[in-house]
2 protein chains.
Amino acid sequence: MDKQTITIYDVAREASVSMATVSRVVNGNANVKPATRKKVLDVIEKLDYRPNAVARGLASKKTTTVGVIVPDVTNMYFASLARGIDDVATMYKYNIILTNSDSNSEKEIKVLNTLLSKQVDGIVFMGNEITDKLREEFKRTKTPIVLAGSVDDEGTNPSVNIDYVAAVQEEVKNLIDRGNKRVAFVCGPLDQAINGKYRLKGYKQALKSAGIPYDDKLVFETDDTYKTGTLLQPALMAVNATAAMVTDDELAAGIMNGMSDADVAVPDKFEVITSNDTKLTEMVRPKMSSITQPLYDIGAVAMRLLTKLMNNEPVDEKNVLLPYGLMKRESTK
Amino acid sequence: MDKQTITIYDVAREASVSMATVSRVVNGNANVKPATRKKVLDVIEKLDYRPNAVARGLASKKTTTVGVIVPDVTNMYFASLARGIDDVATMYKYNIILTNSDSNSEKEIKVLNTLLSKQVDGIVFMGNEITDKLREEFKRTKTPIVLAGSVDDEGTNPSVNIDYVAAVQEEVKNLIDRGNKRVAFVCGPLDQAINGKYRLKGYKQALKSAGIPYDDKLVFETDDTYKTGTLLQPALMAVNATAAMVTDDELAAGIMNGMSDADVAVPDKFEVITSNDTKLTEMVRPKMSSITQPLYDIGAVAMRLLTKLMNNEPVDEKNVLLPYGLMKRESTK
DNA sequence: GATTTAATTGAAAACGTTTTCAATTTGCCG
DNA sequence: CGGCAAATTGAAAACGTTTTCAATTAAATC
């Protein structure tokens, strides 16, 4: 039905050259006489020829497409990373196949395999937890995979993150220094290394340095949602917490609103500091103080790293830690 | 270097059948004897054979990949649509190539063409404005394209939206009925049909029904950003507006915060109603009343529509209007 | 059992490029 | 103007599937 698709063969015939030559001009190969190049270009223009990327991918074994696995684009944190990824991907002429995994390990594995079957040139993976099974899958392919905003305790894959331990430690220390004896640690699932191994560690270290005993009643493991946050006020009060280090902005926004709704003034009666510095921090009142992460850059750097890997260029640093900061806003004193 | 890739030919040889047969079992073709099917399946398992989707795409002229063009995934509105799209895409075994266009017409055209060269089976387009140039590009391909949350006055492409005119009209009427004589219309760029042709029309109709003359001093054309919203309070006061119909949630949040910061009580002194019902509406204080749009569903339905188009199934309704609603929260009386 | 029919199979031609390698031109030099 | 190196070209083989069509085999019928 669609016999009107123009192939490289058509332009070769029309320009009375070989397919090879057409291929060369299309790919900007230098070894073609200017005159013929022009001739071919003219025919291409005239016939409105568009190279078929699928055929190209088959022949060259490169698809200029990378896979991106993300828990949920609807989450600002990941959306920002994804944006950074797409921008540098575009810059390097790649496209992105974006898939939502809902942090579901089975889904992640499944989608990883469809991406590989689609012959993506590389993958950037964002996820809260790298299960052993997933790590195995990572190992059996030689398609480069980089982790963005996602930690793997085993460190088998290149990754781009911030130093979560140090960041949390620093912030909790600040909270303590300001007089908070009981600061809560409100986080997402602890079986996620980023929470259970890194942030929690920072929290504990800060306590230790301050000589405050660790009390597990002060750690609240949640599902990272706004709604859950709104419900936390009673529990937080029950343990006499006067501040909270929160690992997710929406969750933190929920907590703050829950506090306000219960007439607990933030930051006077309760300080909260969050972790992702998404634009939500500015939109909520009081504005939330936050650890700042260069979200966009984490994605961008991860993708840049991936391009190097895909080109077999040497990379100096396999596990990149980008600088973090603290943005003091209104939810802390 | 990677000679270890297993092809259909390898499994054919190992199972002593032809490639055709292997292809049949891989594709679940019924015409293969159970015994041979098992034999082949075993070899596939043993060799860990994974079909190469690129080769498949070339041979079958189907890539099971669809393109998604979006202004910015970082925008909750579009992220929600994108999520709906991806979910039903996955459901129908498609993957999504996601590209951010920044609503830049040139970029849109460029990316459209790379998507087509990658032989996507279909495209869902989200964008604020369909330029003539873009429409031309749409027309010259026979790859199905559906618009999601995006209007085209010409109506050449299938689309999924809500009835923006009616929704805005209804809400503005409510505002007026509640006693607001001067309600502002704060929107994104008016050259975008959704604002300039639809929402503004609804606004005008509501005024007309109420016998209020249209005053263009009350319409504020913005860039749809939070920041701009925060700066609008003086201008709004200057024209004696007592309420605003806003076309974007972040923009609306900005306005509300700007009001609060200037001690203009919302909703007592100033009512605001927004348009997209993203989760931001709940996170901000006061919570924003909003026109509700089934964001996820718009994406989902658009993708579903696209699957039908890609299968040449008949579609009853080319321009779908999903139901909208009103969620009364705290930013209106 | 001999036919006829239906179900399984396989051979080989696409699909639209890239890429290798050899062939042909061209440009230079003495 | 002959000869040689360098620059251009083209022929044809991949790339890994699907798909058509004919061939083969199994099942059914009488």
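Remember, predicted model here, so these are calculated numbers, not experimental data.
B:Arg24 places its CZ atom 11 Å from the P atom of D:dT20, with the value rounded to the nearest Å. As a whole-Å value, the separation of A:Lys118 NZ from D:dC15 P is 23 Å. For the pair B:Asn29 CG and C:dG10 P, the computed distance is 14 Å after rounding to whole Å. A straight line from CZ of A:Arg56 to P of C:dC15 spans 19 Å, rounded to a whole angstrom. Nucleotide D:dA27 holds its P atom 7 Å from the NZ atom of B:Lys33, rounded to whole Å. Between A:Leu58 atom CG and D:dA14 atom P the separation is 13 Å, expressed in whole Å. The distance from atom CD1 of A:Ile6 to atom C1' of C:dC15 is 16 Å, rounded to the nearest whole Å. The distance from atom CE of A:Met19 to atom P of D:dA13 is 12 Å, rounded to the nearest whole Å.
Taking every side-chain heavy atom of A:Val32 into account, D:dT9 is the closest of D:dT18, C:dT17, D:dT9. Residue A:Thr5 has its side chain nearest to C:dG16 when only C:dG16, D:dT9, C:dG10 are considered. Proximity note for A:Ala20 (side chain, C-beta onward) versus D:dT18, C:dT19, C:dA11: the nearest is C:dT19.
Applying the 4.0 Å criterion to OP1 and OP2 of C:dT9, one finds that B:Asn31 has every side-chain N and O outside that range. An OP1 or OP2 oxygen of C:dT19 is reached within less than 4.0 angstrom by no side-chain nitrogen or oxygen of A:Ser60. Considering only side-chain N and O atoms, A:Lys61 lies nowhere under 4.0 angstrom from the phosphate OP1 or OP2 of C:dT19. Here A:Ser18 does not reach the OP1 or OP2 of D:dA11: none of its side-chain N or O atoms lies under 4.0 Å away. Note on B:Tyr49: a side-chain N or O is less than 4.0 Å away from OP1 or OP2 of D:dT17. Contact check, B:Thr21 against C:dT8: no side-chain N or O comes under 4.0 Å of OP1 or OP2.
No contact: A:Val54 has no heavy atom under 4.0 Å from any strand. Among the atoms of the strands shown, base atoms are found under 4.0 Å from some heavy atom of B:Ser23. Residue A:Asn52 is classed as a sugar-phosphate contact, given heavy-atom separations below 4.0 Å to backbone atoms only. Among the heavy atoms of the strands, none lies under 4.0 Å from B:Arg37. Using a 4.0 Å heavy-atom cutoff across all strands shown, A:Val26 reaches no nucleic acid atom at all.
Of the two residues contacting DNA chain C, namely B:Ala55 and B:Thr36, the nearest-nucleotide position lying further toward the 5' end is that of B:Thr36. Take the nearest nucleotide of DNA chain D for A:Val17 and for A:Ala59: the residue whose nucleotide is more 5' is A:Val17.
The shortest non-hydrogen separation linking A:Pro158 to A:Leu305 is CB-CD2, 4.0 Å. Here the closest non-hydrogen pair linking A:Pro51 and A:Arg56 is CB-NH2, 3.1 Å. Taking each heavy atom of B:Asn100 and B:Asp72 in turn, the nearest pair found is ND2-CA, 3.3 Å. When all heavy atoms of A:Leu306 and A:Ile123 are compared, the closest pair comes out as CD2-N, 3.7 Å.
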Step-by-step side chain to side chain contact (heavy atoms under 4.5 Å, CB included) determination, B:Asp102 to B:Glu108: CA-CA 8 Å; B:Asp102 290 316; B:Glu108 287 170 340; over 6 Å; no
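Salt bridge status for B:Asp42 with B:Lys46: absent, with no side-chain N to carboxylate O gap under 4.0 Å.
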